[in-house]
*Asks:* 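I am attaching a structure below and will ask some questions about it afterwards.
Counting starts at 1 for both ligands and their atoms, in listed order.
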Amino acid sequence: MADSDECLFCGIIAGTIPSERVYEDDMVYAFKDINPKAKVHVLIVPRKHYRDVAALAKNDPALLAHIVETAQGIADKAFHGAYRLIFNTGRDAGQSVFHVHAHVLTGETMDE
Ligand code: 5GP
Ligand code: ZN
């Protein structure tokens with residue numbers, strides 16, 4: 001069985017699990033985090049399943065760059081281009097969904 005068969009974010013990308021879409025194109029899908037940690041908290045996921053950002057960087061660095069570009073576009077609209085970009089990597093660092101996702105936190109001034 002492939003990793004993606006029981007993956008929550010593959011289900012969201014496929015539309016079998018509902019989500020609030022923010023942006024999509026042929027490479028990525030972006031949607032609101034269900035438990036927001038900032039005024040604007042968006043998750044960006046590549047349509048192709050990689051377990052974490054290290055696997056993505058190794059196998060498809062252009063796709064990782066596109067995720068950063070997508071985050072910039074979201075923050076340009078939400079908060080004059082300022083944002084925090086987080087990739088939790090590994091269970092002990094807080095990764096709970098093993099389909100790589102960028103957390104984009106923006107929309108308000110944040111503490112250091
Ligand atoms: P992680 O902890 O893996 O870095 O991030 C997973 C994120 O996914 C969490 O911030 C969590 O709130 C969010 N999340 C978990 N399940 C769902 C869901 O069904 N829908 C949405 N929109 N977000 C989810
Ligand atoms: Zn997946």
*Asks:* May I ask you to check if ligand 1 and K32 share an N or O to N or O distance below 3.5 Å?
*Replies:* yes
*Asks:* Say whether F31, considering both its backbone and side-chain N or O atoms, lies within less than 3.5 Å of an N or O atom on ligand 1.
*Replies:*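 No: no nitrogen or oxygen of F31 is under 3.5 Å from one in ligand 1.
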*Asks:* Restricting to ring-ring contact (aromatic ring centres under 6.0 Å, His included), what partner residues turn up for F79, sequence neighbours left out?
*Replies:*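 With sequence neighbours excluded, F79 shows a ring-ring contact (aromatic ring centres under 6.0 Å, His included) to no residue whatsoever.
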*Asks:* Regarding atom 7 (C) of ligand 1: of the candidates N88, V97, D33, which has the closest heavy atom?
*Replies:* D33
*Asks:* Distance only, no hydrogens: is a donor on one side chain within 3.5 Å (strictly under) of an acceptor on the other, for Y50 and D52?
*Replies:*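 Not at all, the side chains of Y50 and D52 share no donor-acceptor pair under 3.5 Å.
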*Asks:* What atoms in ligand 1 come closer than 4.0 Å to a heavy atom of Q95?
*Replies:* 3 (O)
*Asks:* Relative to ligand 1, is F87 under 4.0 angstrom through side chain, backbone, both or neither, heavy atoms considered?
*Replies:* neither
*Asks:* Looking at H101, which atoms of ligand 1 are within less than 4.0 Å of one of its heavy atoms?
*Replies:*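 Result: 1 (P), 3 (O), 4 (O), 5 (O), 6 (C).
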*Asks:* Between S19 and ligand 1, is there a nitrogen or oxygen pair with a distance under 3.5 Å?
*Replies:*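 No: no nitrogen or oxygen of S19 is under 3.5 Å from one in ligand 1.
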*Asks:* Which ligand 1 atoms are under 4.0 Å away from a heavy-atom of F9?
*Replies:* 8 (O)
*Asks:* If I take atom CD1 from residue I12 and atom CD from residue E20, how far apart are they, to the nearest 0.5 angstrom?
*Replies:* 11.0 Å
*Asks:* Mind checking whether L43 contacts ligand 1 via backbone (N, CA, C, O), side chain (CB onward), both or neither, at a 4.0 Å heavy-atom cut-off?
*Replies:*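 It is the side chain that touches ligand 1; the backbone stays farther off.
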*Asks:* Tell me whether I34 has any N or O atom under 3.5 angstrom from an N or O of ligand 1.
*Replies:* yes
